[in-house]
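As the structure is a prediction and not an experimental result, all values here were calculated from the model.
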Amino acid sequence: RKPDKIEVIQYDIKDPARAGEFLERFWSVTNTPIYNSQDELVCILHETKNISDTLKTKAQLQESRAKEQVALAQAEQQRLRMERLFDQAPAACAMLEGPTFIYRVINTSYQQLFPGREMLNLPLFEALPELRHQPVYDIIHEVYRTGETFEGKEVLIPVARYAGQPAEDIYWNFIYQAHLGAEGNINGILIFALDVTDFVTARQQVESSAASLHTMNLGLEELIKRRTNELAQAQAELEVGEEDVRGVATVLDFSVDDDEETPGDEHDDLRPAPLRHRHRGRRPGRHHRGSGRRVRAGGEEEPGQRDLLL
């Protein structure tokens with residue numbers, strides 16, 4: 001007496017456009033008995049309903065939901081992986097949100113740069129007010145406005161590591177990069193920063209030592225050059241002195257006569273003993289200033305030979 005219903009039954013039908021082919025169809029069937037006034041079964045009402053499109057839509061929806069669940073799971077895994085990488089990165093990293101640059105995410109390395117300061121969920125220039133009057137104030141606003149990434153190398157940015165303490169001179173390598181939302185609009189700033197103060201200080205010391213060494217080398221080179229010139233001058237003067245001494249010796253050597261005394265030389269005995277000795281022991285063949293002649297070893301004169309001795 002109650003209707004009998006078959007929720008889904010597949011019954012394919014012939015494709016009118018392609019002979020011998022069938023179209024997939026799903027039906028919902030309901031059989032309802034019909035009774036007369038005497039409560040006798042008169043007939044059965046057989047009702048069918050094509051639910052192929054409904055089933056197809058449900059299947060597509062289920063498939064879409066399944067894919068969505070997979071995508072969500074993958075996104076969550078990716079988010080966790082990115083958070084781990086973000087937190088374990090050797091550089092200090094922070095994510096700032098909105099035009100006031102509110103700290104939404106900071107990693108361990110970033111917090112370690114400012115161990116005594118509250119930062120999370122505070123605007124950048126409220127958490128670090130000493131930055132307000134430094135060049136980074138204009139730089140980060142320009143990045144947020146234009147979307148162009150800024151990279152700074154060995155930039156001196158004085159900042160206090162602890163609240164209430166004076167700022168320290170710290171050199172930074174840092175990057176300001178615009179963060180884009182789902183629609184592609186800029187909704188924040190990513191910060192990657194590295195404290196390179198020790199490296200810069202060490203390099204400056206090396207450069208200072210190199211400059212001092214260079215100056216010292218220049219001084220030594222100048223000193224060596226000056227000493228070399230002085231030595232060359234002294235050597236030249238010494239050579240001139242030696243030439244003068246040799247000239248005097250030659251004059252003295254040739255100012256004496258032959259073994260016999262020169263007539264009219266009444267002062268021969270007044271010469272120094274070494275000169276008298278050389279005069280007495282002259283070898284044959286020397287020049288004689290008094291005669292201006294060249295004499296052979298046998299005492300004979302070479303005619304026509306006169307020499308200038310000085």
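Put simply, the side chain of L45 does not reach to within 4.5 Å of the side chain of N31, judged on heavy atoms. Considering only heavy atoms from C-beta on, E168 stays 4.5 Å or farther from V159 through its side chain. Residues F114 and L128 form a side-chain contact, since some pair of their non-hydrogen atoms from C-beta on lies under 4.5 Å apart. Side-chain contact check for I175 versus I191: every heavy-atom pair is 4.5 Å or farther apart. Side-chain contact between Q134 and I157 is present, with at least one heavy-atom pair separated by less than 4.5 Å. Within the 4.5 Å cutoff, no side-chain heavy atoms of Q10 are placed close to those of R25.
Nearest heavy-atom pair across P158 and E130 is O-CG, 4.2 Å. For I140 against F125, the heavy-atom pair with the smallest separation is CG2-CZ, 3.9 Å. Annotation for R117 and A160: closest pair NH1-O, 2.7 Å, computed over non-hydrogen atoms. Between I51 and E7, the closest heavy-atom pair is CD1-O, 3.5 Å. In plain terms, the two heavy atoms of Y144 and G188 that are nearest each other are CE1-N, 3.7 Å. Pairing each heavy atom of E118 with each of L122, the nearest pair is O-CD1, 3.4 Å.
Rounded to the nearest 0.5 angstrom, Q62 CD and L55 CG are separated by 9.5 Å. Note that the NZ atom of K225 and the OG1 atom of T228 stand 10.0 Å from one another [nearest 0.5 Å]. Here the CG atom belonging to L23 is positioned 8.0 Å from the CG atom belonging to D12, to the nearest 0.5 angstrom. With rounding to the nearest 0.5 angstrom, the CD atom of Q74 is 15.0 Å from the CZ atom of R79. We find the OG-CD1 distance between S52 and I13 to be 8.0 Å, quoted to the nearest 0.5 Å. Between atom CG of residue N229 and atom CD1 of residue I224 there is a gap of 12.0 Å, rounded to the nearest 0.5 Å.
Taking the six-membered ring for Trp and the full ring otherwise, Y171 and F199 have centroids separated by 6.0 Å or more. Ring centroids of Y137 and H141 are separated by less than 6.0 Å, placing the two rings close together. When ring centroids are compared, Y11 and F26 stay outside the 6.0 Å threshold. With ring centers used as reference points, Y110 lies under 6.0 Å from Y103.
By the criterion of side-chain heavy atoms lying less than 4.5 angstrom apart, applied directly or through intervening Ile, Leu, Val, Met, Phe, Trp or Tyr residues, F101 is grouped together with I186 in one hydrophobic cluster. Under a hydrophobic-cluster definition in which Ile, Leu, Val, Met, Phe, Trp and Tyr are linked whenever side-chain heavy atoms come within less than 4.5 Å, directly or via other members, L113 and V196 are assigned to different clusters. Linking Ile, Leu, Val, Met, Phe, Trp and Tyr whenever their side-chain heavy atoms come within less than 4.5 Å leaves L194 and Y176 in two separate clusters. Hydrophobic clustering places L131 together with F174 (ILVMFWY residues linked when any side-chain heavy atoms are closer than 4.5 Å, directly or through intermediates).
Here R65 does not pair with E63 in a salt bridge; the nearest charged N to carboxylate O distance is not below 4.0 Å. Electrostatic pairing of E21 and K14 does not count as a salt bridge here, judged by no charged N lying under 4.0 Å from a carboxylate O. Classification of R161 and D195 as a salt-bridged pair holds, one side-chain N sitting under 4.0 Å from a carboxylate O.
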*What do the steps show when you test E148 against V143 for side-chain contact (heavy atoms from CB on, under 4.5 Å), and what is the final call?*
CA-CA 5 Å; E148 295 182 2; V143 173; over 6 Å; no
- Give the C-alpha distance, both sets of side-chain angles, the deciding distance and a yes or no for salt bridge (charged side-chain N to carboxylate O under 4.0 Å, His left out) between E151 and K153. CA-CA 7 Å; E151 182 176 356; K153 290 185 177 296; 3.2 Å; yes
Point to revise | side-chain contact (heavy atoms from CB on, under 4.5 Å) between Q177 and F192, intermediate numbers included | key: CA-CA 8 Å; Q177 181 177 337; F192 304 91; 4.1 Å; yes
Stepwise side-chain contact (heavy atoms from CB on, under 4.5 Å) test for I44 and T32
CA-CA 5 Å; I44 295 176; T32 305; over 6 Å; no
(Q) What verdict does the side-chain contact (heavy atoms from CB on, under 4.5 Å) test give for T30 and D4, after you've listed the backbone C-alpha separation in whole Å, the side-chain angles of each residue and the deciding distance to 0.1 Å? (A) CA-CA 6 Å; T30 302; D4 180 64; over 6 Å; no
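Within a 6.0 Å sphere centred on CG of N185, other residues, nucleotides and ligands contribute more than 12 heavy atoms. Within a 6.0 Å radius of CD in Q38, more than 12 heavy atoms belonging to other residues, nucleotides or ligands are found. Within a 6.0 Å sphere centred on CG of N121, other residues, nucleotides and ligands contribute more than 12 heavy atoms.
For W27 (side chain) and V8 (main-chain N/O), no donor-acceptor pair under 3.5 Å exists by modelled atom type. Using a distance-only test at 3.5 Å, with no hydrogens or angles considered, no donor-acceptor pair links the side chain of N187 to the main chain of G98. Between the side chain of S64 and the backbone N or O of Q60, no donor-acceptor pair lies under 3.5 Å. Side-chain atoms of N173 come within 3.5 Å of backbone atoms of E154 as a donor-acceptor pair (strictly under, hydrogens ignored). In terms of modelled atom types and a separation under 3.5 Å, the side chain of N107 and the main chain of A91 share a donor-acceptor contact.
Put simply, the residue from V105, L124, I106 that forms a side-chain contact (heavy atoms from CB on, under 4.5 Å) with L96 is L124.
Side chains of Q78 and R81: a donor on one and an acceptor on the other come within 3.5 Å.
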